[in-house]
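So that the names make sense, note that chain A is the first sequence line, chain B the second, and so on, each numbered from 1.
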Amino acid sequence: MLNVNRLKRTFNHDTAGFQDINLSVKEGEIIGILGTSGCGKSTLLRVLSGLDKQYEGTISIENGSNNQIGMMFQEPRLLPWLSVKKNISFGLEKEKRNTDKYKTYLDLVGLTDFENHYPKDLSGGMAQRTAIARALITEPEILLLDEPFSALDAFTKMQLQDLLLSIWQKKKTTMILVTHDIDEALYLCDRIFILKGQPGEVYSEVSVEKQKPRTRGDAYLSKQKAHILNLLNVEKKAAGEQK
Amino acid sequence: MISETHKWKVAQRASPQKLSSSKGIFQLGRGILIGSILPIILLVGWEIAARMGLLAAHLLPAPTIILEKIISMYQDGSLFGHISITLTRVFLGFAIGTVAAVVIGAIVGYAKTAERLLDPLFQAIRSIPSLAWVPLFILWMGIGEPSKISLIAVGVFFPVYLNIVAGIQGVDRKLIEVGRIYQLTPYQLTKRIILPAALPSFITGMRSGLGLGWMFVVAAELMGASEGLGYLLVVGQNTYSPDTVIASILLFAILGKITDAVLKWIERRSLKWQDSITNQG
């Protein structure tokens, strides 16, 4: 449903950003974008989300309605002057904003009793849950996640990964997850693209053929992790030689 | 004034909980009590010293004399007239200055071109000590109300303008991106993200603008008025009656404090979402 063709966005005279990215994403898939820092992962999401419009190449989204893209950032980015429920409803049309549509999503992310709290009163995990609900309420075709759990502690991180997975099981939202956490990518994603180089290019694609939910630390995942680590460790020759 | 801030700090420290709880009110009361000890001692000392003749009555009359002066002005009806004319001037000047600052500040803060065009000019005008405008305004508009209100408006304008520009320019790019993800139009972006985010510094600007407004009303009324608290100062000086002067200073202090408290109340109400020390609880 999402096709990306020869996408390129670079900075500083082609020394940062990414180039020559070709992807096609099927409906309901969770795609991981994995790479070391500086390889253009986040830039890729910014381009896909429409925040960065100075790119070359094509992005096409099938059966695209108006609010087709949802985005979650590394930080919750809640509006501090709005209560949890108003933050969740933020992306809705004006008429729908005052309905109780938010309740479904409030319950979905497990914040039932916190609708009137302000962001300052939330923990990091709760704020990120609110952000998940805000991203989902507009029912986007594709949810883009930019290292959404990287600022959280290990336990909260696992809880939220499970939450995301349970939401995916209910809604089958297509997701693109940028991360530098190999375990996270293996736990959640169907396919993982490894980006390398500066500017970054797709160095390799790894499929994770295992039914979700998966068990953390499972033998198959460990094997894949070793494989990915190996891919990431291949030094310089990688970036130049690909294609 | 000093004891006021002190009082407030004591109350804050004593009650991190919301002040609406009964315990909070009790502690706030205790804070006021502690803060009042020193002023009361000073007042009583002053009264005693004046009565014993240690202070020259023609320079510093006793507090009771000043109070009597205020009461007599109240009884002959002139007090209300002076207060209301001064308040009206401050209010009108404040309103005009604030509205102008919001409109121009919003344009300058939002549009880079407007900033390059207008900001250097305003910065240059700002560096003119505002009292230097007095003679010019009198030449232009005469000695009546327009020149007084303009002077106050000029005084109010700059702090509000500077704060609103800084507030708008300081809005977190990350929050603006959230709006862009939801494809908000520039108008929606301004209304739903930029203005609420700039509100704290706007209110700060209004509070310092109001302070300047009070300063300028004194200047405006000193320069020639037939009514108002500033006029009372002149009358007191010319008739050698320090009680009138001190009474009018006292009234300025009280009115300034009350209007600032109103803004502070608005600030508290509209900024209760802020993560600050005063909002713990």
Side-chain angles (χ1 to χ4, degrees), chain A residues 42-43 45-53 64-94 96-97 116-124 127 130-131 134-146 151, chain B residues 12 16-21 24 106 109 163-164 166-206 265-281:
Chain A
S42 295
T43 313
L45 274 204
R46 291 176 63 83
V47 167
L48 290 178
S49 69
L51 284 178
D52 189 336
K53 293 195 162 65
S65 55
N66 210 0
N67 259 337
Q68 46 201 357
I69 290 200
M71 174 113 177
M72 254 190 85
F73 301 91
Q74 190 175 346
E75 327 79 31
R77 300 200 182 183
L78 302 179
L79 305 173
W81 54 89
L82 296 180
S83 60
V84 166
K85 71 176 174 198
K86 288 193 171 152
N87 261 298
I88 293 178
S89 312
F90 184 81
L92 293 174
E93 302 288 319
K94 199 170 185 179
K96 290 192 203 145
R97 222 177 290 151
N116 290 320
H117 282 59
Y118 283 95
K120 69 176 171 105
D121 300 324
L122 301 177
S123 67
T130 312
R134 179 176 68 184
L136 289 171
I137 197 167
T138 50
E139 292 165 351
E141 306 277 338
I142 301 171
L143 183 58
L144 306 174
L145 304 125
D146 186 4
Chain B
Q12 283 309 321
Q17 298 96 354
K18 277 181 186 142
L19 292 174
S20 56
S21 70
N163 276 286
I164 211 160
I168 289 174
Q169 289 178 342
V171 176
D172 194 348
R173 176 187 53 82
K174 292 176 172 172
L175 295 184
I176 293 181
E177 281 180 0
V178 172
R180 287 178 51 204
I181 288 284
Y182 292 108
Q183 295 166 358
L184 300 189
T185 62
Y187 168 72
Q188 290 171 320
L189 201 65
T190 309
K191 184 168 159 255
R192 300 185 60 198
I193 295 183
I194 295 174
L195 287 185
L199 188 66
S201 71
F202 173 52
I203 295 184
T204 308
M206 289 220 301
W265 178 76
I266 295 173
E267 184 177 25
R268 255 174 191 266
R269 285 204 44 144
S270 53
L271 299 184
K272 59 175 188 287
W273 49 268
Q274 264 194 327
D275 195 4
S276 60
I277 300 171
T278 42
N279 277 344
Q280 283 171 358

*Is the closest side-chain heavy-atom distance between B/Met206 and B/Glu267 below 4.5 Å?*
no
*Provide the closest heavy-atom pair for A/Leu122 versus A/Val84 in the form atom of the first, atom of the second, distance.*
CD1-CG2, 3.7 Å
*Could you look at A/Lys86 and say if it's the side chain, the backbone, both or neither that has a heavy atom under 4.5 Å from chain B?*
neither
*By a 4.5 Å heavy-atom criterion (distance strictly below it), what part of B/Ile193 contacts chain A: side chain, backbone, both, or neither?*
both
*Is there a donor-acceptor pair closer than 3.5 Å between any side-chain N or O of B/Arg180 and the backbone N or O of A/Leu51?*
yes
*What part of A/Leu78 is in contact with chain B, defined as an atom under 4.5 angstrom from a non-hydrogen atom: side chain, backbone, both or neither?*
backbone
*Without swapping roles, check the side chain of B/Arg192 against the backbone of B/Gly179 for a donor-acceptor pair under 3.5 Å.*
no
*With a 4.5 angstrom heavy-atom cut-off, could you sort out which part of A/Arg134 is near chain B: side chain, backbone, both or neither?*
both
*Say whether A/Ser42 and A/Asp146, considering side chains only, have a donor N or O and an acceptor N or O under 3.5 Å apart.*
yes
*Where does A/Phe73 contact chain B at under 4.5 Å (heavy atoms): side chain, backbone, both or neither?*
side chain
